[in-house]
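Written out below as structure tokens is the structure these notes cover.
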Amino acid sequence: MEQLKTIGRELAMGSQGGFYQSKEFLDLVKSIGEARSKAEEDRIVLGEIETLKRRVSEPDIPKRKMKEYILRLVYVEMLGHDASFGYIHAVKMTHDDSLLVKRTGYLAVTLFLNEDHDLIILIVNTIQKDLKSDNYLVVCAALNAVCKLINEETIPAVLPQVVDLLAHPKEAVRKKAIMALHRFYQKSPSSVSHLVSNFRKRLCDNDPGVMGATLCPLFELVSTDVNSYKDLVISFVSILKQVAERRLPKAYDYHQMPAPFIQIKLLKILALLGSGDKQASENMYTVVGDIFRKCDSSSNIGNAVLYECICCVSSIYPNPKLLESAADAISRFLKSDSHNLKYMGIDALGRLIKISPEIAEQHQLAVIDCLEDPDDTLKRKTFELLYKMTKSTNVEVIVDRMIDYMISINDNHYKTEIASRCVELAEQFAPSNQWFILIMNKVFEHAGDLVNIKVAHNLMRLIAEGFGEDDDSADSQLRSSAVDSYLHILGEPKIPSVFLQLICWVLGEYGTADGKYSASYITGKLSDVAEAYSNDETVKAYAVTALMKIYAFEIAAGRKVDMLPECQSLMEQFLASHSTDLQQRAYELQAVIGLDAHAVESIMPSDASCEDIEVDKALSFLNGYIQDSIEKGAQPYIPESERSGMLNISNFRNQDHHGASSHGLKFEAYELPKQTVQSRIPPATLASTEFVPVPEPMSVRESYPTTIVPSASSDAESTELKLRLDGVQKKWGRQTHSPATSTSSSTSKKTVNGIKQVDGSNTSNSSTWETYDSRKHVEINSEKQKLAASLFGGSSKTEKKPATGHKISKPSSHMVEKSHVRKSSMEIASEKKALVHQPPDLLDFGEPTVQSSDPPSVDPFKELEGLLEPTTQLGSTAAAATNSPDIMGLFTETPGGTHNKDDSDILSSLSKQPVTNMVGGATSTQVAQSSKGPNRKDSLEKDSLVRQMGVTPSSPNPNLFKDLLG
Amino acid sequence: MIHFVLLISRQGKVRLTKWYSPYSQKERTKVIRELGGVILSRGPKLCNFVDWRGFKVVYKRYASLYFCMCIDQDDNELEVLEIIHHFVEILDRYFGSVCELDLIFNFHKAYYILDELLLAGELQETSKKTVARLIAAQDSLVETAKEQQGSISNIIAQATK
């Protein structure tokens, strides 16, 4: 009551322009409270900002006024607006001598500034001074600011003082100093590494609060370096024992549990220390077992400690007895009606199955229940569990489920995660390649933009390499099924880019391989793709290369190639493209079409994407030619590095080119000229008109058809082509280059292009590929198989049963469930009280519609006033009778009440029930209200105070007066 | 560690925000909007936890006010739920059956209390009594200052008469 008076006094003072709140400020808060839209709120706040801007810059503002302005700034910024113009005034306030003003200043700066703000440098000095203050409250305020504002650079400025404060007589200061040091450690471990021993010392502090605070930094220290803290195991265990035996002061009890927050921290630390350490773990068994026994599993905090015990048990060296207790606790969690406990149970199960996989078996029904649950959070947790327990026997069911869920959600963050999990599981456990491709297609189709490009390369590689066995017919079957599925998918709108690339590649490589589809059909599809996704360069590039492959295979097979008109127009477009890559591909395509069958077959062998490329880096095949040229009087090649200025520029250009492309190839490109120096390549002038004839055109084999064989080979075949390529090079400004370098650099560039696309799969995927193969040799654990079969084999049956069971039990158990939720969440003793909180929600809910459209809607304040005067009357049926119509009225005004489901339990239960019940329900709430009279009265007193000040919140939102705790 | 604390009303109005990890003003607005949408639309019987951008947000509704705390993946959700409750109990003890209106008009006091409970995103004090004592100590200072100020202004008022 006394506190209430204080509030009253303060509110009253507010009306007189007193300490914290002037009328102005209260009006602001009120008008924002009444704002009906975000836009209106923004307008009010912007007006306030303007006012404040004017006010704070006035000269000679009294301190208390300034304080209020700063608090108003805090308020404005809390609502998401920029109050940076006032930061400097907050900083100035921290300099003030009066603690009162200073405290406000510190509060404001900690709320306003991040650690990297420029103004911090202006506060450091004040903080230094305040840390030395005689008044411990000043020191506390400064330490609060230290925790938030001191950054890596300013740590040294305050570090000595903070360390001194560890021995301060006031425990509150010691505690905050510990937290500050912890913060320093987080920001820059090296700056406080020599002070770590202080944390150990503070562990033995007389004050349990300081000891408890010390556990935060110790937890972090232990998690980074377990071995240096093994000696503390005994201390931690004995502290935990004492805590569990209630040796700490009563003040640390929380809901009848002895210092549960400290217990949890200690259990976390022990879990780290005992991980994989039998000796350390043995010290913990007794105390953890004790806690398991002592924990009160009916309270939320008791369950929090239990959960932490399970985490600890599953982390330390296993002990059968403890594992048993943990399993018991988990089954209690999973059987609970509370979603929170189910969630924790699923999480705990995920931890424990690593040690004892058999435990999952008894909970399969509960797990499937959770998977079917409408609650997303629970569902995701269950997917996490399934992910942990996936084996080759249950992978199909699990991944199918995951994909179904992935398709159903919009949250990109989680979609990415679940997509990558699907891919991982599929790669690891896929029962067949067809299945794998099918799954990948789904993943790409629905989350293509979110998965790593390497996954696509992986899949290309799988399709190209087949099973890795000598079963060619199966391979081609796989490919044609892939082609079929892709042609089908192409009909769909909006396919992710990565997936399109994959499709183009596969169609180019295998589209016509089995003769099912004609070249013109496939090329038509490809040019459709290139046209439909015309702003995606990469897709277009893939499409052009695919077109080239199709044509090349046609030519090699001796068929005549007729380019479709749409392809032709596409090519014309690409020949003039701004993208040099596209341009080059188009020119290459044109060149290939002009060649004869034999040449094309050597350039673009069918289904050879998996052959290795042997690159003759020394270009030894040129030796004879070079020898010839030099004998004829040609000048030897001078490496680029030795050439002068102008060429250095082109050297730079070169560098740029390679910088942009794949990393690995950069070195190769620079080495080439050096090597050719020894082999003496002819000078620029000679070869710029005539390309190097190559004795063995195919010695540089390009196995990936995406990479065209360097111009060298094609030049040897056709002069027409040579001129074209010349043109290209002039366009690129490479005239001054020696042809050898230009050839070699363009070669390397092309390889860059080619390898850029396939390199990822070449290098990084070989390993996954191996595991993929080895998967087949993994023997399936028969026991696990049994488990999975029982878990998921019969899932369709088991799923349905509990689901229907739920439905039946729902209506009847509704009330019970509701009260349970209330009880567990709000610790409310009786169901009646739970009900008390509901009626205002009805009003609250009605607010948007009722309030605006219905003038006769109930003024809650009148209702409340009515409640205040005849308090005794409340319990009587008369009061119930007079009041219930109001509530009824509200019900009729919110038609059906079906869309209010989420608003409150009462509402939904009422709307489900017939009218007679509604009256009954209303009466019961009235009765319940009477039992809660005093709190209502409190609220009313507050209300009347506010009214006195003339800031009656006119919006009918009695929620504002409702006790949070009840 | 706790990354931020949010108090949002049923109508989506912000009542209190405290950021322990660096977020720019833009990010803050986005976070509030995003989380407000997610949390306010959740049904009553569901978990009090939400997955969010790789973090977890634990929330609890008291009357018309939602208390939310954002924590790391490996933190204990039930514990954080109790930290929220702990905070509310302290508020309740301080304000005397606290209601949303108290927090609206005295948000700075709620901040001071929060500062005694959490520091740098960690729970610094688990005893309600200790927190109450510290806050009382600070408030007594306010009281004396008020009296002084009152007397000074009286003197000035008299002097200027």
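Hydrogens, waters and symmetry mates play no part in the numbers below; they use all other heavy atoms, side chains included. Note on naming: letters A, B, ... go to the chains in the order of the sequence lines (proteins, then strands), and numbering restarts at 1 for each one.
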With only heavy atoms counted, which part of T110(A) is less than 4.5 Å from chain B, the side chain, the backbone, both or neither?
-> side chain
Considering only heavy atoms, which portion of L341(A) lies under 4.5 Å from any heavy atom of chain B: side chain, backbone, both, or neither?
-> side chain
What are the residues of residues 113-120 of chain B, in order of number, with any heavy atom under 4.5 angstrom from a heavy atom of chain A?
-> D115(B), E116(B), L119(B), A120(B)
State, with a plain yes or no, whether a side-chain heavy atom of E122(B) is found less than 4.5 Å away from one of K265(A).
-> yes
Test of ring centre spacing under 6.0 Å for H86(B) and F261(A) | yes
Bottom line for M344(A): the part with an atom under 4.5 Å from chain B's heavy atoms is side chain
Proximal component of H81(A), with respect to chain B [non-hydrogen, under 4.5 Å] | backbone
With F4(B) as reference, evaluate F67(B), W19(B), F55(B), Y20(B) under the ring pair (Phe, Tyr, Trp, His ring centres under 6.0 Å) test and give the passing residue.
-> W19(B)
Measuring heavy-atom distances to chain A, does T17(B) have an atom under 4.5 Å in its side chain, in its backbone, in both, or in neither?
-> both
For K250(A), is it the side chain, the backbone, both or neither that has a heavy atom under 4.5 Å from a heavy atom of chain B?
-> neither
Side chain, backbone, both or neither: which part of L111(A) has an atom under 4.5 Å from a heavy atom of chain B?
-> both
Heavy atoms only: give me the nearest S9(B)-R15(B) pair and the separation to one decimal.
-> CB-NE, 3.9 Å
Region of H339(A) that comes under 4.5 Å of a non-hydrogen atom in chain B | both
Could you have a look at L99(A), N135(A), L79(A) and say which one has the most heavy-atom pairs with chain B under 4.5 angstrom?
-> L99(A)
Among R380(A), E308(A), K176(A), single out the residue with the greatest number of heavy-atom pairs under 4.5 Å to chain B.
-> K176(A)
Which bit of E41(A) comes within less than 4.5 Å of chain B, counting heavy atoms only: side chain, backbone, both or neither?
-> side chain
Could you tell me which portion of E115(A) (side chain, backbone, both or neither) has an atom closer than 4.5 angstrom to a non-hydrogen atom of chain B?
-> neither
Per-residue contact mode, Y136(A) against chain B (heavy atom under 4.5 angstrom) | side chain
H85(B) vs Y254(A) aromatic rings, parallel, tilted or perpendicular, using cut-offs 30° and 60°?
-> perpendicular
NZ of K187(A): more than 12 outside heavy atoms within 6.0 angstrom?
-> yes
Answer with side chain, backbone, both or neither: which region of R133(B) has an atom nearer than 4.5 Å to a non-hydrogen atom of chain A?
-> side chain
Who wins among D376(A), V305(A), V29(A) for the most heavy-atom pairs under 4.5 Å with chain B?
-> V29(A)
Which atom pair, heavy atoms only, marks the closest approach of A145(A) to Y106(A)?
-> CB-CD2, 3.5 Å
Can you tell which part of K56(B) gets under 4.5 Å to a heavy atom of chain A, answering side chain, backbone, both or neither?
-> side chain
Scored by heavy-atom pairs under 4.5 Å with chain B, the best of L107(A), I178(A), N340(A) is N340(A)
Checking L103(B) against chain A: side chain, backbone, both or neither under 4.5 Å from a heavy atom?
-> side chain
What residue in Y414(A), Y252(A), Y307(A) has the most heavy-atom pairs under 4.5 Å with chain B?
-> Y252(A)
Over 60° means perpendicular and under 30° means parallel, so classify the ring planes of Y75(A) and F25(A), tilted if in between.
-> perpendicular
Closest-packed option against chain A by number of heavy-atom pairs under 4.5 Å, given I32(B), V88(B), T29(B) | V88(B)
